[in-house]
Q: 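Structure below; questions to follow.
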Amino acid sequence: MITVGEVLERTTRFLKSRGIDTPRLDTELLLCKHMGVDRLHLYLSLDQPLGDAELAAMRPDVSRRGSREPLYWILGERGFHAIELHTPVGVLVPRPDTETLVEAALAVIPRSEEPVYIADVGCGTGAIGLALAVARPEVRLFATDVSPAAIAATKENVRRLGLERRVAVLLGDLLSPIPPHRPVDWVLSNPPYIPSGELDGLQPEVSQHEPRLALDGGADGLDVYRRLIPQGLARARQGVLVELGMGQADAVASIFRQHGLASPRRWSDLGGVERVVGGPISP
Ligand SMILES: C[S@@+](CC[C@H](N)C(=O)[O-])C[C@H]1O[C@@H](n2cnc3c(N)ncnc32)[C@H](O)[C@@H]1O
(Lines give C-alpha, C1' and ligand atoms only; values in the text may rest on other atoms or scores of the structure.)
Protein backbone atom coordinates (compact mmCIF):
# COMPACT_ATOMS: atom_id res chain seq x y z
CA MET A 1 0.00 0.00 0.00
CA ILE A 2 1.26 3.43 -0.91
CA THR A 3 -0.01 6.55 0.85
CA VAL A 4 -1.33 9.69 -0.81
CA GLY A 5 1.66 11.57 0.66
CA GLU A 6 4.13 9.11 -0.91
CA VAL A 7 2.45 9.43 -4.32
CA LEU A 8 2.60 13.21 -3.92
CA GLU A 9 6.34 13.14 -3.19
CA ARG A 10 7.26 10.66 -5.96
CA THR A 11 5.12 12.29 -8.64
CA THR A 12 6.41 15.74 -7.70
CA ARG A 13 9.99 14.47 -8.15
CA PHE A 14 9.10 12.93 -11.52
CA LEU A 15 7.41 16.09 -12.86
CA LYS A 16 10.31 18.20 -11.59
CA SER A 17 12.73 15.95 -13.50
CA ARG A 18 10.67 16.70 -16.65
CA GLY A 19 11.36 20.42 -16.27
CA ILE A 20 7.93 21.47 -14.98
CA ASP A 21 7.99 24.74 -12.98
CA THR A 22 5.17 23.87 -10.58
CA PRO A 23 5.57 20.12 -10.04
CA ARG A 24 3.99 19.97 -6.57
CA LEU A 25 0.95 22.07 -7.44
CA ASP A 26 0.41 20.04 -10.63
CA THR A 27 0.63 16.78 -8.68
CA GLU A 28 -1.78 18.05 -6.04
CA LEU A 29 -4.32 19.01 -8.70
CA LEU A 30 -3.98 15.64 -10.45
CA LEU A 31 -4.47 13.85 -7.12
CA CYS A 32 -7.52 16.02 -6.36
CA LYS A 33 -9.01 15.08 -9.73
CA HIS A 34 -8.57 11.35 -9.17
CA MET A 35 -9.59 11.35 -5.49
CA GLY A 36 -12.56 13.65 -6.16
CA VAL A 37 -11.52 16.04 -3.34
CA ASP A 38 -10.35 19.66 -3.00
CA ARG A 39 -6.85 20.60 -1.88
CA LEU A 40 -7.81 21.01 1.78
CA HIS A 41 -9.15 17.46 1.85
CA LEU A 42 -6.07 16.27 -0.02
CA TYR A 43 -3.84 17.62 2.78
CA LEU A 44 -6.03 15.89 5.36
CA SER A 45 -5.61 12.57 3.51
CA LEU A 46 -1.81 12.46 3.13
CA ASP A 47 -1.41 9.53 5.57
CA GLN A 48 -4.14 7.47 3.96
CA PRO A 49 -3.53 4.78 1.34
CA LEU A 50 -4.29 5.68 -2.29
CA GLY A 51 -6.62 3.04 -3.73
CA ASP A 52 -5.47 0.81 -6.60
CA ALA A 53 -8.17 2.18 -8.89
CA GLU A 54 -7.17 5.81 -8.27
CA LEU A 55 -3.50 4.97 -8.72
CA ALA A 56 -4.16 3.13 -12.01
CA ALA A 57 -6.30 6.03 -13.30
CA MET A 58 -3.73 8.61 -12.31
CA ARG A 59 -0.72 6.98 -14.06
CA PRO A 60 -1.63 7.92 -17.66
CA ASP A 61 -2.34 11.50 -16.57
CA VAL A 62 1.07 11.78 -14.90
CA SER A 63 2.68 10.44 -18.05
CA ARG A 64 0.79 13.01 -20.18
CA ARG A 65 1.91 15.81 -17.88
CA GLY A 66 5.47 14.42 -17.97
CA SER A 67 5.41 14.82 -21.74
CA ARG A 68 4.47 18.48 -21.12
CA GLU A 69 0.86 18.36 -22.20
CA PRO A 70 -0.93 21.41 -20.72
CA LEU A 71 -2.13 20.65 -17.17
CA TYR A 72 -5.63 22.01 -17.79
CA TRP A 73 -6.15 19.77 -20.82
CA ILE A 74 -5.53 16.84 -18.50
CA LEU A 75 -7.72 18.23 -15.71
CA GLY A 76 -10.41 19.15 -18.25
CA GLU A 77 -11.43 22.41 -16.60
CA ARG A 78 -10.06 25.66 -15.29
CA GLY A 79 -11.41 28.56 -13.24
CA PHE A 80 -11.46 31.89 -15.12
CA HIS A 81 -12.76 35.15 -13.64
CA ALA A 82 -15.96 34.03 -11.87
CA ILE A 83 -16.66 30.94 -14.02
CA GLU A 84 -15.41 27.38 -14.44
CA LEU A 85 -14.57 26.49 -18.05
CA HIS A 86 -14.29 23.16 -19.82
CA THR A 87 -10.76 23.11 -21.33
CA PRO A 88 -10.55 20.30 -23.89
CA VAL A 89 -7.46 19.11 -25.74
CA GLY A 90 -6.74 21.20 -28.85
CA VAL A 91 -8.13 24.53 -27.57
CA LEU A 92 -5.98 27.26 -26.00
CA VAL A 93 -6.23 27.19 -22.21
CA PRO A 94 -7.44 30.60 -20.95
CA ARG A 95 -4.74 32.49 -19.04
CA PRO A 96 -5.15 34.60 -15.88
CA ASP A 97 -3.72 37.62 -17.80
CA THR A 98 -6.84 37.57 -19.97
CA GLU A 99 -8.93 38.50 -16.92
CA THR A 100 -7.44 41.99 -17.46
CA LEU A 101 -9.50 42.27 -20.67
CA VAL A 102 -12.64 41.16 -18.81
CA GLU A 103 -12.02 43.74 -16.06
CA ALA A 104 -11.31 46.49 -18.61
CA ALA A 105 -14.56 45.64 -20.40
CA LEU A 106 -16.53 45.71 -17.13
CA ALA A 107 -14.99 49.11 -16.33
CA VAL A 108 -15.60 50.69 -19.74
CA ILE A 109 -18.94 49.19 -20.84
CA PRO A 110 -21.75 51.07 -19.07
CA ARG A 111 -24.46 49.09 -17.28
CA SER A 112 -27.68 49.05 -19.23
CA GLU A 113 -31.33 48.08 -18.94
CA GLU A 114 -31.23 47.29 -22.68
CA PRO A 115 -29.37 44.39 -24.35
CA VAL A 116 -25.68 45.08 -25.01
CA TYR A 117 -24.32 43.18 -28.02
CA ILE A 118 -20.74 41.95 -27.65
CA ALA A 119 -18.56 40.07 -30.15
CA ASP A 120 -15.78 37.90 -28.67
CA VAL A 121 -13.54 37.31 -31.71
CA GLY A 122 -11.33 34.21 -31.47
CA CYS A 123 -13.35 32.88 -28.53
CA GLY A 124 -11.31 29.70 -27.81
CA THR A 125 -13.11 28.18 -24.81
CA GLY A 126 -15.39 31.25 -24.70
CA ALA A 127 -13.57 32.65 -21.67
CA ILE A 128 -13.88 36.41 -22.27
CA GLY A 129 -17.41 36.61 -23.60
CA LEU A 130 -18.87 34.04 -21.23
CA ALA A 131 -17.29 35.70 -18.16
CA LEU A 132 -18.96 38.95 -19.27
CA ALA A 133 -22.29 37.28 -20.00
CA VAL A 134 -22.31 35.78 -16.50
CA ALA A 135 -21.33 39.14 -14.91
CA ARG A 136 -23.89 41.17 -16.91
CA PRO A 137 -27.37 39.79 -17.66
CA GLU A 138 -27.89 42.42 -20.38
CA VAL A 139 -25.03 40.96 -22.49
CA ARG A 140 -25.94 39.22 -25.76
CA LEU A 141 -22.87 37.50 -27.15
CA PHE A 142 -21.55 36.54 -30.57
CA ALA A 143 -18.58 34.21 -30.06
CA THR A 144 -16.57 33.55 -33.24
CA ASP A 145 -13.55 31.39 -34.03
CA VAL A 146 -11.97 29.77 -37.09
CA SER A 147 -11.18 26.60 -35.14
CA PRO A 148 -13.95 23.97 -35.09
CA ALA A 149 -12.46 22.61 -31.83
CA ALA A 150 -12.78 26.06 -30.23
CA ILE A 151 -16.37 26.39 -31.47
CA ALA A 152 -17.21 23.01 -29.92
CA ALA A 153 -15.52 24.01 -26.62
CA THR A 154 -17.40 27.31 -26.44
CA LYS A 155 -20.72 25.59 -27.22
CA GLU A 156 -20.08 23.12 -24.40
CA ASN A 157 -19.29 25.98 -22.00
CA VAL A 158 -22.43 27.85 -23.07
CA ARG A 159 -24.42 24.71 -22.27
CA ARG A 160 -22.73 24.19 -18.89
CA LEU A 161 -23.38 27.81 -17.91
CA GLY A 162 -26.99 27.72 -19.14
CA LEU A 163 -26.44 30.70 -21.48
CA GLU A 164 -27.98 29.25 -24.67
CA ARG A 165 -30.59 32.01 -24.98
CA ARG A 166 -28.03 34.84 -24.91
CA VAL A 167 -25.08 33.46 -26.90
CA ALA A 168 -24.54 32.61 -30.60
CA VAL A 169 -21.38 30.60 -31.33
CA LEU A 170 -20.26 31.07 -34.95
CA LEU A 171 -17.50 29.46 -37.03
CA GLY A 172 -15.57 31.82 -39.32
CA ASP A 173 -12.99 34.54 -39.82
CA LEU A 174 -13.01 37.48 -37.36
CA LEU A 175 -16.41 39.28 -37.52
CA SER A 176 -17.53 37.79 -40.85
CA PRO A 177 -19.82 35.05 -39.42
CA ILE A 178 -21.99 37.64 -37.62
CA PRO A 179 -24.91 38.45 -39.95
CA PRO A 180 -24.48 42.02 -41.25
CA HIS A 181 -27.91 43.16 -40.07
CA ARG A 182 -27.21 42.20 -36.43
CA PRO A 183 -26.04 45.03 -34.16
CA VAL A 184 -22.65 44.81 -32.45
CA ASP A 185 -21.92 47.31 -29.67
CA TRP A 186 -18.48 46.14 -28.53
CA VAL A 187 -15.79 44.04 -30.22
CA LEU A 188 -13.47 42.26 -27.80
CA SER A 189 -10.63 39.94 -28.73
CA ASN A 190 -7.57 38.13 -27.49
CA PRO A 191 -6.15 37.25 -30.93
CA PRO A 192 -3.01 35.24 -31.75
CA TYR A 193 -0.11 37.66 -31.14
CA ILE A 194 3.15 35.74 -30.78
CA PRO A 195 5.71 36.51 -33.52
CA SER A 196 6.11 33.32 -35.61
CA GLY A 197 9.86 33.16 -35.00
CA GLU A 198 9.43 33.11 -31.21
CA LEU A 199 7.03 30.16 -31.05
CA ASP A 200 9.59 27.36 -31.08
CA GLY A 201 11.49 28.90 -28.18
CA LEU A 202 8.49 28.87 -25.83
CA GLN A 203 7.88 26.24 -23.17
CA PRO A 204 6.90 22.82 -24.58
CA GLU A 205 3.26 23.07 -23.43
CA VAL A 206 2.92 26.00 -25.84
CA SER A 207 5.40 25.18 -28.62
CA GLN A 208 4.60 21.45 -28.91
CA HIS A 209 0.96 21.18 -27.83
CA GLU A 210 -1.19 24.30 -27.99
CA PRO A 211 -2.61 25.07 -31.47
CA ARG A 212 -0.48 27.36 -33.69
CA LEU A 213 -3.70 28.93 -34.97
CA ALA A 214 -4.29 30.32 -31.47
CA LEU A 215 -0.77 31.68 -31.06
CA ASP A 216 0.92 32.63 -34.31
CA GLY A 217 0.51 36.35 -35.07
CA GLY A 218 2.78 36.40 -38.14
CA ALA A 219 6.26 37.88 -38.53
CA ASP A 220 5.86 40.68 -35.94
CA GLY A 221 2.87 39.21 -34.08
CA LEU A 222 0.54 41.96 -35.33
CA ASP A 223 -1.07 40.39 -38.44
CA VAL A 224 -4.49 39.81 -36.87
CA TYR A 225 -4.64 43.33 -35.32
CA ARG A 226 -4.08 44.87 -38.77
CA ARG A 227 -7.26 43.16 -40.03
CA LEU A 228 -9.33 43.07 -36.84
CA ILE A 229 -8.98 46.68 -35.65
CA PRO A 230 -10.31 48.34 -38.85
CA GLN A 231 -13.11 45.75 -39.06
CA GLY A 232 -13.95 46.21 -35.38
CA LEU A 233 -13.96 50.02 -35.51
CA ALA A 234 -16.16 49.93 -38.62
CA ARG A 235 -18.66 47.49 -37.10
CA ALA A 236 -18.85 48.30 -33.37
CA ARG A 237 -21.35 50.95 -32.29
CA GLN A 238 -19.61 51.55 -28.95
CA GLY A 239 -15.98 50.42 -28.86
CA VAL A 240 -13.19 47.89 -29.34
CA LEU A 241 -10.81 46.33 -26.80
CA VAL A 242 -7.99 43.90 -27.61
CA GLU A 243 -5.52 41.93 -25.52
CA LEU A 244 -1.86 42.00 -26.57
CA GLY A 245 1.56 40.65 -25.68
CA MET A 246 4.39 42.28 -23.77
CA GLY A 247 5.87 45.23 -25.68
CA GLN A 248 3.10 45.45 -28.29
CA ALA A 249 1.03 48.30 -26.78
CA ASP A 250 2.62 51.16 -28.77
CA ALA A 251 2.28 49.33 -32.10
CA VAL A 252 -1.32 48.28 -31.43
CA ALA A 253 -2.27 51.80 -30.22
CA SER A 254 -0.82 53.14 -33.45
CA ILE A 255 -3.01 50.74 -35.51
CA PHE A 256 -6.05 52.03 -33.57
CA ARG A 257 -5.05 55.65 -34.32
CA GLN A 258 -4.52 54.93 -38.03
CA HIS A 259 -8.11 53.66 -38.19
CA GLY A 260 -9.72 56.57 -36.36
CA LEU A 261 -9.58 55.93 -32.59
CA ALA A 262 -7.70 59.10 -31.66
CA SER A 263 -6.74 58.31 -28.04
CA PRO A 264 -6.75 54.59 -27.34
CA ARG A 265 -6.67 53.71 -23.64
CA ARG A 266 -4.34 51.12 -22.09
CA TRP A 267 -4.79 48.71 -19.17
CA SER A 268 -2.01 46.78 -17.41
CA ASP A 269 -2.18 43.29 -15.92
CA LEU A 270 -1.28 42.48 -12.32
CA GLY A 271 2.38 42.14 -13.33
CA GLY A 272 2.41 45.71 -14.69
CA VAL A 273 2.51 44.61 -18.35
CA GLU A 274 0.37 46.71 -20.71
CA ARG A 275 -2.12 44.03 -21.70
CA VAL A 276 -5.21 45.70 -23.17
CA VAL A 277 -5.59 48.59 -25.64
CA GLY A 278 -8.68 50.22 -27.12
CA GLY A 279 -11.73 51.96 -25.76
CA PRO A 280 -14.99 53.62 -26.61
CA ILE A 281 -15.45 55.17 -30.04
CA SER A 282 -16.11 58.89 -29.61
CA PRO A 283 -19.45 60.06 -31.05
C1 LIG B 1 -5.01 33.53 -28.11
S2 LIG B 1 -6.38 32.50 -28.50
C3 LIG B 1 -7.60 33.21 -27.42
C4 LIG B 1 -8.70 32.26 -27.00
C5 LIG B 1 -9.66 32.85 -25.96
N6 LIG B 1 -10.29 34.06 -26.44
C7 LIG B 1 -8.90 33.15 -24.66
O8 LIG B 1 -8.64 34.32 -24.40
O9 LIG B 1 -8.59 32.21 -23.94
C10 LIG B 1 -6.82 33.07 -30.11
C11 LIG B 1 -8.05 32.40 -30.72
O12 LIG B 1 -8.31 33.05 -31.98
C13 LIG B 1 -8.69 32.07 -32.93
N14 LIG B 1 -8.40 32.65 -34.25
C15 LIG B 1 -7.22 32.73 -34.91
N16 LIG B 1 -7.36 33.38 -36.08
C17 LIG B 1 -8.68 33.72 -36.17
C18 LIG B 1 -9.47 34.39 -37.15
N19 LIG B 1 -8.91 34.85 -38.27
N20 LIG B 1 -10.79 34.56 -36.92
C21 LIG B 1 -11.37 34.08 -35.78
N22 LIG B 1 -10.66 33.43 -34.81
C23 LIG B 1 -9.34 33.26 -35.00
C24 LIG B 1 -7.88 30.84 -32.56
O25 LIG B 1 -8.46 29.66 -33.09
C26 LIG B 1 -7.91 30.93 -31.02
O27 LIG B 1 -9.02 30.21 -30.50
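Both backbone and side-chain heavy atoms feed into the values below; hydrogens, waters and symmetry mates do not. Note that this is a predicted model, so its numbers are computed, not measured.
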Q: Strictly below 4.0 Å, N to O, side chains only: are Asp26 and Lys16 in salt-bridge contact?
A: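 Result for this pair is no, no salt bridge flagged.
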Q: Should Arg78 and Glu99 be marked as a salt bridge (charged side-chain N to carboxylate O under 4.0 Å, His left out) after you check the CA-CA gap, both sets of side-chain angles, and the distance that decides it?
A: CA-CA 13 Å; Arg78 176 171 208 181; Glu99 295 181 5; over 6 Å; no
Q: Can Glu210 and Arg95 be counted as an ion pair, charged N to O under 4.0 angstrom?
A: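 So Glu210 pairs with Arg95 through a salt bridge.
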Q: Indicate yes or no for a side-chain donor-acceptor contact from Asp173 to the backbone of Ser176 under 3.5 Å, with no hydrogens or angles considered.
A: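 No: the side chain of Asp173 does not pair with the backbone of Ser176.
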Q: Tell me whether Leu228 shares a hydrophobic cluster with Val146, the cluster being built from Ile, Leu, Val, Met, Phe, Trp, Tyr side chains joined at under 4.5 Å.
A: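 Leu228 and Val146: separate clusters.
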Q: Do Ile194 and Met246 belong together in a cluster built from hydrophobic side chains that touch within less than 4.5 Å?
A: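 No, Ile194 does not connect to Met246 through the hydrophobic network.
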Q: Checking side-chain polar atoms at under 3.5 Å, does Asp216 have a donor or acceptor matched by the opposite partner on Ser196?
A: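 Checked: Asp216/Ser196 side chains pair up, N/O donor to acceptor below 3.5 Å.
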Q: Considering the options Asn190, Leu222, Val252, which one meets the side chain to side chain contact (heavy atoms under 4.5 Å, CB included) requirement together with Leu244?
A: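 Single pass found, and it is Val252.
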Q: Mind checking whether Leu233 and Phe256 have side chains closer than 4.5 Å, heavy atoms only?
A: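 SC-SC contact between Leu233 and Phe256 confirmed.
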Q: Give a yes or no on this: more than 12 heavy atoms of other residues, nucleotides or ligands lie within 6.0 Å of atom CZ of Arg182.
A: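 Atom CZ in Arg182 is not crowded, with 12 or fewer foreign heavy atoms closer than 6.0 Å.
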Q: Answer yes if the side chains of Thr98 and Glu243 hold a donor-acceptor pair under 3.5 Å, and no otherwise.
A: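 There is such a pair (donor and acceptor under 3.5 Å, judged by atom type) between the side chains of Thr98 and Glu243.
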Q: Parallel, tilted or perpendicular: which one describes the rings of His209 and Trp73, with boundaries at 30° and 60°?
A: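 It falls in the perpendicular class, over 60°.
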Q: Hydrophobic clustering (ILVMFWY, side-chain heavy atoms < 4.5 Å, transitive) - are Val89 and Tyr72 grouped together?
A: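 In one cluster with Tyr72: Val89, yes.
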Q: Is any side-chain heavy atom of Leu15 closer than 4.5 Å to a side-chain heavy atom of Arg65?
A: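 Yes; the side chains approach each other to less than 4.5 Å.
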Q: Whether the side chain of Asn157 engages the backbone of Thr125 through a donor-acceptor N/O pair (distance < 3.5 Å, no angle test) should be reported.
A: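 Such a contact is found between Asn157 side chain and Thr125 backbone.
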Q: Does a side-chain heavy-atom distance below 4.5 Å link Ser268 with Val273?
A: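 Heavy-atom side-chain distance check fails, nothing below 4.5 Å.
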Q: Please name the residue in the list Ile109, Ile128, Val167 that meets the side chain to side chain contact (heavy atoms under 4.5 Å, CB included) test with Ile118.
A: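 With Ile118 as partner, Ile109, Ile128, Val167 yield a single side chain to side chain contact (heavy atoms under 4.5 Å, CB included), made by Ile109.
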Q: So, does Asp145 use its side chain to make a donor-acceptor pair with the main chain of Ile151 at under 3.5 Å?
A: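 Pair absent, no side-chain N/O of Asp145 close to backbone of Ile151.
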Q: Taking all non-hydrogen atoms of both residues, which atom of Leu130 and which atom of Thr154 are closest, and how far apart?
A: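 Answer, listing the atom of Leu130 first, then Thr154: CD1-O, 4.3 Å.
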Q: Around atom CG of Leu270, are there more than 12 heavy atoms of other residues, nucleotides or ligands at under 6.0 Å?
A: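 12 or below, so no.
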Q: As an exercise, state the distance from CD of Gln208 to CG of Leu202, rounded to the nearest 0.5 Å.
A: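 Separation between the atoms: 11.0 Å.
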Q: Which is it for Arg226 and Asp220 under the side chain to side chain contact (heavy atoms under 4.5 Å, CB included) test, yes or no, and what are the steps along the way?
A: CA-CA 11 Å; Arg226 292 193 186 92; Asp220 63 357; 2.4 Å; yes
Q: Looking at Gln248 and Gly245, would you say the former's side chain and the latter's main chain have a donor-acceptor pair under 3.5 Å?
A: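 Flag set: sc Gln248 to bb Gly245 pair under 3.5 Å.
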Q: Would Arg13 and Glu9 pass as an ion pair if we require N to O under 4.0 Å?
A: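 Judged by the 4.0 Å cut-off on N to carboxylate O distance, Arg13 and Glu9 do not form a salt bridge.
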Q: Under the side chain to side chain contact (heavy atoms under 4.5 Å, CB included) rule, what do Val277 and Trp267 come out as? Steps first, then yes or no, please.
A: CA-CA 7 Å; Val277 171; Trp267 288 262; over 6 Å; no
Q: Applying side chain to side chain donor-acceptor pair (under 3.5 Å), run through Ser207 and Asp200 and close with a yes or a no.
A: CA-CA 5 Å; Ser207 62; Asp200 287 340; 5.8 Å; no
Q: Indicate the atoms forming the closest heavy-atom contact of Pro183 with Tyr117, along with that distance.
A: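 Taking Pro183 first and Tyr117 second, the nearest heavy atoms are O-CB, 3.4 Å.
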Q: Could you report the tightest heavy-atom contact between Asp47 and Thr3, atom names first, then the distance?
A: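 Closest heavy-atom pair between Asp47 and Thr3: O-CG2, 3.6 Å.
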Q: Taking Arg166 first and then Glu138, would you say they form a salt bridge - that is, a charged N and a carboxylate O separated by under 4.0 Å?
A: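 Glu138 and Arg166: not salt-bridged.
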Q: Members other than Val91 in its cluster, when Ile, Leu, Val, Met, Phe, Trp, Tyr link by side-chain heavy atoms under 4.5 Å?
A: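 Hydrophobic cluster check, Val91: no partners found.
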Q: Got Arg39 and Leu29 here, is their nearest side-chain heavy-atom distance under 4.5 Å?
A: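 Yes, close enough: below the 4.5 Å cut-off.
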Q: Minimum heavy-atom separation for Val184 and Ala119, please, with both atom names.
A: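 Closest approach of Val184 to Ala119, heavy atoms only: CG1-CB, 4.0 Å.
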Q: How many angstroms lie between CZ in Arg18 and OG in Ser67, if you round to the nearest 0.5 Å?
A: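 The OG atom of Ser67 is 7.0 Å from CZ of Arg18, to the nearest 0.5 Å.
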Q: Might you confirm whether atom CZ of Arg165 has over 12 heavy atoms from other residues, nucleotides or ligands at distances under 6.0 Å?
A: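 Atom CZ in Arg165 is not packed in, count stays at 12 or less.
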Q: For Glu69 and Arg64, which heavy atoms make the closest approach, and how far apart are they?
A: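 It is OE2-NH2, 2.6 Å.
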Q: Do Phe142 and Leu170 have side chains that approach each other closer than 4.5 Å (heavy atoms only, starting at C-beta)?
A: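 Sidechains of Leu170 and Phe142: in contact.
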Q: A side-chain contact here means heavy atoms from C-beta on lying under 4.5 Å apart; do Val242 and Leu188 qualify?
A: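 Result no, sub-4.5 Å side-chain heavy-atom pair not found.
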Q: Check whether any side-chain N or O of Arg160 sits under 3.5 Å from a backbone N or O of Val158 as a donor-acceptor pair, and report yes or no.
A: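 Answer holds: no.
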Q: Taking Phe80 as the starting point, is it possible to reach Val169 by hopping between hydrophobic residues whose side chains are less than 4.5 Å apart?
A: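 Per the 4.5 Å side-chain linkage, Val169 and Phe80 are co-clustered.
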Q: Decide yes or no on side chain to side chain donor-acceptor pair (under 3.5 Å) for Glu28 and Tyr43, but give the supporting numbers first.
A: CA-CA 9 Å; Glu28 287 178 3; Tyr43 296 139; 2.8 Å; yes
Q: Report the C-alpha distance between Leu241 and Val108 in whole Å, list the side-chain angles of each, state the deciding distance to 0.1 Å, and finish with yes or no for side chain to side chain contact (heavy atoms under 4.5 Å, CB included).
A: CA-CA 10 Å; Leu241 297 174; Val108 85; 3.8 Å; yes
Q: Please report, to 0.1 Å, the donor-acceptor pairs under 3.5 Å made by any side chain of residues 51-63, with sequence neighbours excluded.
A:
residue : atom : partner : partner atom : Å
Glu54   : OE1  : Gly51   : N            : 3.3
Asp61   : OD2  : Lys33   : NZ           : 2.7
Asp61   : OD2  : His34   : NE2          : 2.7

Q: Keeping Ser45 on the side-chain end and Gln48 on the backbone end, is there a donor-acceptor pair under 3.5 Å?
A: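 Looks like no, no N/O pair under 3.5 Å.
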Q: For residues Arg136 and Leu106, determine if any side-chain heavy atom of one lies less than 4.5 Å from a side-chain heavy atom of the other.
A: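 When only atoms from C-beta onward are counted, Leu106 and Arg136 do touch, with a gap below 4.5 Å.
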Q: Which atom names give the shortest non-hydrogen contact between Pro192 and Val224, and what distance separates them?
A: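 Taking Pro192 first and Val224 second, the nearest heavy atoms are CD-CG2, 4.0 Å.
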Q: Check whether any side-chain heavy atom of Met35 lies under 4.5 Å from a side-chain heavy atom of Val4, and answer yes or no.
A: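 Result yes, sub-4.5 Å side-chain heavy-atom pair found.
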Q: In sequence, state the C-alpha distance, the side-chain angles, and the governing distance for Asp185 and Arg140, and then conclude on salt bridge (charged side-chain N to carboxylate O under 4.0 Å, His left out).
A: CA-CA 10 Å; Asp185 292 311; Arg140 306 288 182 274; over 6 Å; no
Q: Pair Thr27, Phe14 - check side chain to side chain contact (heavy atoms under 4.5 Å, CB included), show working.
A: CA-CA 10 Å; Thr27 306; Phe14 168 71; over 6 Å; no
Q: Backbone N or O of Arg275 within a donor-acceptor pair of the Thr100 side chain at under 3.5 Å?
A: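 Flag not set: sc Thr100 to bb Arg275 has no pair under 3.5 Å.
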